[in-house]
Amino acid sequence: KRQGLQIAAISLLAVNSILRIFWKEISEAHAAARTEYVRIIYTRTSRAVFAAAAFGVALVMPWTQEIITYVLGPRYQPGLMTITILLLMPVAQSLGQVSGTMFLATKETRVAAVLGIGAAILGIAGSYFVLAPSSAAVPGAGFGAEGLAIKMVGLGFLMVWVAAYWLKPRFGIPVSPLQQVIVIAGGIAISFALRYLLSPLGDFLGALFHFGLLLALMLGSIVTFPSL
């Protein structure tokens with residue numbers, strides 16, 4: 001689990017650099033009551049962050065087994081499923097960073113605190129449920145590391161969507177969780193198909209075409225789904 005989180009955290013480095021500019025633009029526009037500009041900046045930033053994170057996940061996921069072998073070592077192969085699930089964390093974390101910055105820049109600190117406390121409570125309860133054995137005093141599911149990874153990813157997306165629906169009526173921000181799920185799932189499925197179809201080209205040429213085609217498809221999906 002720790003190694004999966006380390007891989008997922010890499011994508012947040014780029015997001016953190018963007019958020020400084022995002023905070024400044026949103027806070028100035030909000031202070032000037034330029035609601036339409038706030039909506040435009042938030043929408044463009046969140047879509048760009050989502051596209052980059054979803055593309056990275058879709059590109060890397062078919063190669064997870066090789067990454068584990070060459071980066072972490074063969075002894076981590078039993079954690080393949082856990083690390084694969086945790087690769088989805090950058091999408092939720094990146095969007096969560098954007099939403100959190102939006103709350104602070106628009107002085108909605110109380111809402112940010114409530115959502116943070118709610119996420120912490122749900123996280124603790126969910127962790128106990130997926131990890132506790134059925135024989136415990138308060139029985140759980142006993143799903144182990146895979147269950148904990150699913151809980152983390154699921155809770156991350158849930159809080160992102162709750163925040164987005166709270167912001168929607170105030171700034172007219174489009175929200176469509178279904179479209180986001182379709183883009184992520186479709187991108188991953190296409191990425192696995194591309195790796196299989198391009199394997200006869202060899203590792204380097206196949207990976208090059210894989211990168212280019214998947215990038216074009218992901219950018220096309222962002223244009224196709226305007227509510228991302």
Side-chain angles (χ1 to χ4, degrees), residues 8-9 11-12 14-31 33-58 85-123 125-126 149-188 218-228:
S11 67
L12 295 178
V15 176
N16 288 332
S17 63
I18 296 173
L19 291 181
R20 295 178 181 271
I21 302 173
F22 176 72
W23 183 312
K24 177 179 178 296
E25 292 293 325
I26 292 294
S27 60
E28 291 179 354
H30 181 69
R34 300 170 62 191
T35 304
E36 179 62 18
Y37 185 68
V38 170
R39 183 191 67 79
I40 292 173
I41 292 298
Y42 177 86
T43 302
R44 288 179 178 176
T45 303
S46 62
R47 292 182 70 188
V49 166
F50 173 80
F55 169 73
V57 169
I85 296 170
L86 287 174
L87 286 176
L88 293 169
M89 280 297 293
V91 184
Q93 287 178 327
S94 299
L95 291 175
Q97 291 271 13
V98 175
S99 298
T101 302
M102 180 73 166
F103 284 126
L104 297 178
T106 56
K107 300 181 180 180
E108 296 289 354
T109 54
R110 180 175 297 180
V111 178
V114 170
L115 290 177
I117 294 172
I121 293 173
L122 291 175
I150 293 172
K151 187 273 301 182
M152 292 173 64
V153 173
L155 181 60
F157 277 105
L158 175 63
M159 299 311 299
V160 164
W161 293 331
V162 169
Y165 275 110
W166 191 93
L167 292 169
K168 180 179 179 179
R170 289 158 179 78
F171 300 101
I173 295 169
V175 182
S176 181
L178 180 60
Q179 289 185 8
Q180 291 181 345
V181 172
I182 290 173
V183 170
I184 295 172
I188 292 172
M218 293 300 289
L219 291 176
S221 69
I222 299 301
V223 176
T224 304
F225 296 106
S227 296
L228 289 175

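On a predicted model such as this, the values are computed, not experimentally measured, just so you know.
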Just so I know, are the side chains of [X] and [Y] near enough to count as touching, which here means a heavy-atom distance under 4.5 Å?
X	Y	value
Pro177	Tyr165	yes
Phe157	Val181	no
Thr43	Phe171	no
Tyr37	Ile26	no

Using every non-hydrogen atom in the two residues, find where [X] and [Y] come nearest and quote the distance to one decimal.
X	Y	result
Ser94	Ala53	OG-CB, 4.3 Å
Phe22	Val98	CE2-O, 3.6 Å
Leu88	Val57	CD2-CG1, 3.6 Å

Would you be so kind as to tabulate the donor-acceptor pairs closer than 3.5 Å made by side chains of residues 102-123, with sequence neighbours excluded?
{"unit_1": "Thr106", "atom_1": "OG1", "unit_2": "Met102", "atom_2": "O", "d": "2.7"}
{"unit_1": "Thr106", "atom_1": "OG1", "unit_2": "Phe103", "atom_2": "O", "d": "3.3"}

Problem set entry | Pair Gln180-Leu95, side chain to side chain contact (heavy atoms under 4.5 Å, CB included): steps then yes or no | CA-CA 11 Å; Gln180 291 181 345; Leu95 291 175; 4.1 Å; yes
Can you tell me how far [atom2] of [Y] sits from [atom1] of [X], rounded to the nearest 0.5 angstrom?
X	Y	atom1	atom2	value
Ser46	Leu167	OG	CG	10.0 Å
Ile40	Arg34	CD1	CZ	9.0 Å
Thr101	Ile18	OG1	CD1	11.0 Å
Glu25	Ile41	CD	CD1	5.5 Å

Seminar exercise, completed: Trp166 meets the side-chain hydrogen bond (donor to acceptor under 3.5 Å, both in side chains) criterion, sequence neighbours left out, with none
Exercise. For the side chain of Ser27 and the backbone of Lys24, is there at least one donor-acceptor N/O pair under 3.5 Å apart?
Worked result: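 Judged by distance alone, yes, a pair lies under 3.5 Å.
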Exercise. By salt bridge (Lys or Arg N to Asp or Glu O under 4.0 Å), which residues pair with Lys168, not counting sequence neighbours?
Worked result: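 With sequence neighbours excluded, Lys168 shows a salt bridge (Lys or Arg N to Asp or Glu O under 4.0 Å) to no residue whatsoever.
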Exercise. Should the heavy atoms of other residues, nucleotides or ligands under 6.0 Å from CZ of Arg44 be counted, would the total exceed 12?
Worked result: no
Problem set entry | Candidate list Val153, Ile184, Val160, test side chain to side chain contact (heavy atoms under 4.5 Å, CB included), partner Val91, passing option | Ile184
